[in-house]
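Chain letters run A, B, ... following the sequence lines, proteins first, then strands; residues in each count from 1.
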There are 2 protein chains.
Amino acid sequence: MDVKRRLRSRGYRVTPQREAVLEVLRENEGVPLDPEAVFEFTRERYAGIGLATVYRTLELFCDLGLVLRVHLHEGSQHYEINTGKHHHHMVCVSCGSVEEFKGCVVDELEESIREDSDFVVTSHCLSLFGYCPACLPAR
Amino acid sequence: MDVKRRLRSRGYRVTPQREAVLEVLRENEGVPLDPEAVFEFTRERYAGIGLATVYRTLELFCDLGLVLRVHLHEGSQHYEINTGKHHHHMVCVSCGSVEEFKGCVVDELEESIREDSDFVVTSHCLSLFGYCPACLPAR
DNA sequence: ACTCCTATTGATAATTGCTCTCAATAACAC
DNA sequence: GTGTTATTGAGAGCAATTATCAATAGGAGT
Ligand SMILES: [Mn+2]
Ligand SMILES: [Mn+2]
Ligand SMILES: [Zn+2]
Ligand SMILES: [Zn+2]
């Protein structure tokens, strides 16, 4: 694992809790999970893990760039493994299903901003809302 | 006021609390405020207003389309008067200042999605993060 | 393998942002 | 003015997240 090295090189320790959380996120590639869901899945691998540890681990992994925060504008934050492929999400306002889409025009947008404004953009957050194919017929 | 008419026509009542909140939002056009800030400003006009009333009023105004919810991805929700001009925001990760930008490429994006996917997009949420001109020199 | 230092953990308390409840109040149609 | 009922303020309640802290355990050094 490259992750173990990355943790240790920054003074962090490799714990079974952290390994279990990482496994869960990897198994759910493409499915943004909230902390409660990560907690439940991780308990199946490491029964004694505490919810606070899940929160702490998710934040650490975000800092390390292993994991990405996803804002689906629901009650809680969501997280997904960072595959390196930039993308965003479409959320069905009817059933809550989440679909990825790759084409992100924001890179172009950032350029046009560099012209209009003196603001230097370093990141962005984009989510789309609407109806998934399954929910479309019902209005 | 057109707003009074709009409220009454839907069975809502025109109260001094609602008028005070609307005034505050109008005075702060271009400055997304969180409920606590709206509360504090409104108290200067209507000292006895309760925080719950502010929350209820903001939600009502959103439903009526008078006010827009702004996700700056801070702890709390933000709100701004709806001027009818579609735009998004850039947030300085250093000082927290918020700047508007008009050019939104998402409309084009929604089109390309209509081709790639069966998902029907009805709305979107976009925010940009980076450094404002004032904060740039200091890294 | 043993020791020591200290990062990490789990349980739980505390905090935050927001919503609900309910009796008192006040719009406003008549 | 009167009556109906939408609205209000105070405070309880709630859900997500963060802080606290004593106990535990990773792992570098021996
Ligand atoms: Mn994704
Ligand atoms: Mn704005
Ligand atoms: Zn759906
Ligand atoms: Zn700044």
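- A sub-4.0 Å separation between OP1 or OP2 of C:dA26 and a side-chain N or O of B:Q17 is absent.
- In this structure, A:T15 reaches the C:dT9 phosphate: one of its side-chain N or O atoms is under 4.0 Å from OP1 or OP2.
- Below the 3.5 angstrom threshold, one finds no donor paired with an acceptor across the side chain of A:R56 and the base of C:dT8.
- In this structure, the nucleotide among C:dC28, C:dG10, D:dG9 sitting nearest to the side chain of A:I49 is C:dG10.
- Counting only heavy atoms from C-beta on, B:Y55 has its side chain closest to C:dT19 among C:dT9, C:dT6, C:dT19.
- The side chain of A:R8 lies closest to D:dA28, out of D:dT8, C:dC28, D:dA28.
- Aromatic ring pairs are classed by plane angle as parallel below 30°, tilted from 30° to 60° and perpendicular above 60°; the pair A:H124 and A:H88 is tilted.
- Which of D:dG9, C:dC18, D:dT17 sits closest to the side chain of B:P35 comes down to C:dC18.
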From CA spacing to verdict: side-chain hydrogen bond (donor to acceptor under 3.5 Å, both in side chains), A:R56, A:T53:
CA-CA 5 Å; A:R56 284 185 291 233; A:T53 298; 3.2 Å; yes
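- Every ring-ring contact (aromatic ring centres under 6.0 Å, His included) that B:H87 has, sequence neighbours left out, goes to B:H89.
- No salt bridge links A:E19 with A:R26; every basic N to acidic carboxylate O contact stays at or beyond 4.0 Å.
- Taking for each of B:S76 and A:T57 the nucleotide of DNA chain C with the nearest heavy atom, the 5'-most of the two is the partner of A:T57.
- When distances are taken from the side chain of A:P16 to each of D:dG9, D:dG26, C:dT12, the shortest belongs to D:dG26.
- Between B:R13 and the phosphate of C:dA29, there is no side-chain N or O to OP1/OP2 separation shorter than 4.0 Å.
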